[in-house]
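A short worksheet on the structure shown next.
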Amino acid sequence: MKAIVDCNNFYCSCERLFKPHLDHKPVVVLSNNDGCIISRSDEAKALGVEMAGPYFKAKPLIEKHDVAVFSSNYNLYGDLSWRVMETLRSLVGKQNVEVYSVDEAFVDLSIFPPEELQAIAMQIRETVEQWTGIKVSVGVAPTKVLAKAANCLAKKHKHKTNCVVVLDTKDKIERALAATPVGDIWGVGGRYAHKLQEEWFITDALQLSKMSEEFARTHLGGVVGARLIRELKGIPSKEMEDELVSKKMIATTRMFGSPVDNINDIKEAVATYTSRAAEKLRRQHSAARIISVFVVTNEQDHSLGFNRGGTISTYTTLPVATSFTNELIKPAVTLVDELFKEGKLYKKAGVMLSGIVPDASIQGNLFLPETKNCERRLMDMIDNVNFSQRNDVLKFAASGTTRDWKMRQELRSPRYTTRWEELYEVK
DNA sequence: TCTGGGGTCCTAGGACCC
DNA sequence: TCTGGGGTCCTAGGACCC
């Protein structure tokens with residue numbers, strides 16, 4: 001049996017942790033650039049504030065009900081996420097936890113006897129809350145997809161379930177599936193949900209679970225769909241994954257605070273994003289060969305859907321994979337020349353690193369010239385200083401110093417747990 | 001006039017996730 | 001006026017190989 005442990009309204013819960021007066025009050029957290037709403041407390045949901053809706057549209061409602069609003073504070077969320085995951089690891093063993101996202105982890109419970117699952121799940125929920133202050137929901141079932149469905153129900157009926165649902169019999173599974181609309185199934189997105197309902201009159205998960213694998217193979221995206229159906233039928237087809245897999249792609253992309261028409265601003269932004277991406281690369285001890293850069297003009301039309309149109313991109317392949325910021329910045333900035341057109345307004349840019357391989361320069365490498373090994377030590381030093389001090393105390397000149405293009409983040413709360421100067425004070 | 005069969009690698013794009 | 005920022009896997013089709 002597997003469990004999915006999912007933090008409730010994670011970003012909002014993090015904000016509340018240090019502002020107890022906001023308990024039971026509506027809270028929302030905004031995306032970067034204060035663009036849209038990416039986390040809502042239960043109270044905010046009840047008011048009708050929409051998920052992923054643009055902030056400016058929800059503003060009247062938010063002001064009317066005095067909703068507390070925060071810019072996203074990823075330092076804080078990242079640290080609290082780590083605490084939650086550490087708690088899980090200490091409860092069930094490191095090797096049985098698969099961190100799935102910042103606020104979710106799968107937990108392999110096969111080491112526990114079936115009759116104890118309910119109690120174990122409850123203990124996980126209570127311990128995480130006690131140790132970190134973060135409330136979680138736990139769904140337990142034979143497969144990941146069913147566990148996600150269980151979790152969804154646990155959240156939907158908080159009071160009845162105490163945020164824990166265990167699906168350990170055929171009967172419980174069927175009832176749970178019947179109560180799950182197809183669109184709520186993990187792995188069925190908007191497109192497939194629409195198709196299933198319109199073309200096949202399949203509206204709930206129980207109906208879908210009775211379809212054949214062949215059906216899924218032809219109508220739900222091939223082997224992905226087939227696996228989904230198997231999981232719904234209770235046959236594990238998405239196994240627990242190894243924790244320490246390196247990312248195959250690393251991206252850093254941002255909207256600008258306001259549109260930019262100057263190529264140098266874009267180059268500075270791209271250099272900064274490249275530094276970020278290179279840090280992520282070094283953190284997982286990788287190097288990259290392919291670097292792509294894209295820019296988005298403000299011709300992008302949101303009425304057509306989120307990311308449609310206006311994006312142009314290009315890439316270059318380096319002769320040798322590298323994780324050195326300076327070696328990545330140069331080609332990245334050169335790519336901007338290819339993309340930039342005078343007279344247009346740009347609202348976003350991004351850098352993506354791929355062609356990722358293990359870093360050969362780590363720990364001093366006999367086969368590299370000594371200058372390379374020095375550069376490696378320089379990179380480590382920069383990473384250490386930037387991590388322990390303030391972000392970007394040390395940066396490359398190409399990143400610029402004025403940063404006219406940087407994003408808006410007006411409502412960010414202090415980084416209580418990761419910056420000394422912003423520590424929470426008890427009076 | 002007739003023009004195989006099998007394989008690999010790469011890329012673009014579509015679907016999904018949080 | 002103002003709409004994030006990451007990721008994953010899979011498929012189809014083209015280039016190329018023998």
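All values reported here derive from a predicted model rather than from experimental measurement. Proteins get letters first, then strands, A, B, ... in listed order; numbering begins at 1 in each.
- Here N33(A) lies out of heavy-atom contact (under 4.0 Å) with every strand.
- Of the residues near DNA chain C, G53(A) and G222(A), the one whose nearest nucleotide (by heavy atom distance) lies more toward the 5' end is G53(A).
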Using Watson-Crick or G-U wobble pairs with both distances under 3.5 Å, give me DNA chain B in dot-bracket, 5' to 3', with [ ] for crossers and | for pairs to another strand.
....||||||||||||||
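- Note on K195(A): nothing from the nucleic acid sits closer than 4.0 angstrom, heavy atoms only.
- The side chain of V223(A) approaches dT11(C) more closely than any other nucleotide in the set dG6(C), dT11(C), dC2(C).
- Between T253(A) and the phosphate of dG6(C), there is a side-chain N or O to OP1/OP2 separation shorter than 4.0 Å.
- Using a 4.0 Å cut-off between charged nitrogen and carboxylate oxygen, K2(A) and E231(A) do not count as a salt-bridge pair.
- T252(A) comes within 4.0 angstrom of the backbone, heavy atoms only, and of no base.
- The side chain of Y100(A) has dC18(B) as its nearest neighbour among dG6(C), dC2(C), dC18(B).
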Decide yes or no on side chain to side chain contact (heavy atoms under 4.5 Å, CB included) for I62(A) and I37(A), but give the supporting numbers first.
CA-CA 11 Å; I62(A) 284 174; I37(A) 293 161; 4.1 Å; yes
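- Residue-level contact check: V188(A) touches the backbone only, with heavy atoms under 4.0 Å from sugar-phosphate atoms and none from bases.
- Distance from the side chain of I250(A) is smallest for dG7(C) among the nucleotides dC18(B), dG6(C), dG7(C).
- Proximity of a side-chain donor or acceptor of N151(A) to a complementary backbone N or O of I4(A) within less than 3.5 Å is detected.
- Computed from coordinates, the I356(A) CD1 to dG6(C) P distance equals 14 Å when rounded to whole Å.
- As judged by a 4.0 angstrom heavy-atom cut-off over every strand, I290(A) is placed among residues making no nucleic acid contact.
- Separating the P atom of dT3(C) from that of dC17(B) is a span of 25 Å, rounded to the nearest Å.
- Residue contacts shown for K57(A) include a base, since a base heavy atom lies under 4.0 Å away.
- Of the candidates dC17(B), dG4(C), dG7(C), dG4(C) carries the atom nearest the S31(A) side chain, counting heavy atoms from C-beta on.
- Within the model, atoms CG of D204(A) and CG of L177(A) stand 8.0 Å from one another, a figure rounded to the nearest 0.5 Å.
- At whole-Å resolution of the value, CZ in F70(A) and C1' in dG4(C) are 19 Å apart.
- For R40(A) (side chain) and V49(A) (main-chain N/O), a donor-acceptor pair under 3.5 Å exists by modelled atom type.
- Between the P atom of dG7(C) and the CD atom of E241(A) lies a distance of 16 Å, rounded to the nearest Å.
- Straight-line distance from the NZ atom of K347(A) to the C1' atom of dG5(C): 14 Å, rounded to whole Å.
- K280(A) comes within 4.0 angstrom of the backbone, heavy atoms only, and of no base.
- Contact annotation for R227(A): backbone-only contact, meaning every heavy-atom pair under 4.0 Å involves sugar-phosphate atoms and none involves a base.
- The closest donor-acceptor contact from the side chain of K280(A) to the backbone of A251(A) lies under 3.5 Å.
- Using a cutoff of 4.0 Å between basic side-chain nitrogens and carboxylate oxygens, K135(A) and D42(A) are not scored as salt-bridged.
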Are S41(A) and N9(A) close enough, and set up right, to give a side-chain hydrogen bond (donor to acceptor under 3.5 Å, both in side chains), and what steps lead you there?
CA-CA 6 Å; S41(A) 71; N9(A) 314 327; 5.9 Å; no
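- D34(A) has its CG atom 19 Å from the P atom of dT1(C), to the nearest Å.
- Salt bridge present: R230(A) and E213(A) bring a charged side-chain N and a carboxylate O closer than 4.0 Å.
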Tabulate atom names and distances for all N/O pairs under 3.5 angstrom spanning the protein and nucleotides 8-10 of chain B.
none

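- Comparing dG6(C), dG4(C), dT11(C) by their closest approach to the side chain of C36(A) singles out dG4(C).
- Of the candidate nucleotides dC16(B), dG6(C), dC18(B), dC16(B) has the atom nearest to the side chain of Y192(A).
- Between A3(A) and V138(A), the closest heavy-atom pair is CB-CG1, 4.2 Å.
- Straight-line distance from the CZ atom of F294(A) to the P atom of dA12(B): 15 Å, rounded to whole Å.
- F70(A) has its ring centre no less than 6.0 Å from the ring centre of Y11(A).
- Between the CG atom of N32(A) and the P atom of dG7(C) there is a distance of 13 Å, given to the nearest Å.
- Distances were taken from every side-chain heavy atom of R191(A) (C-beta onward) to each of dT11(C), dA15(B), dG5(C); the shortest belongs to dA15(B).
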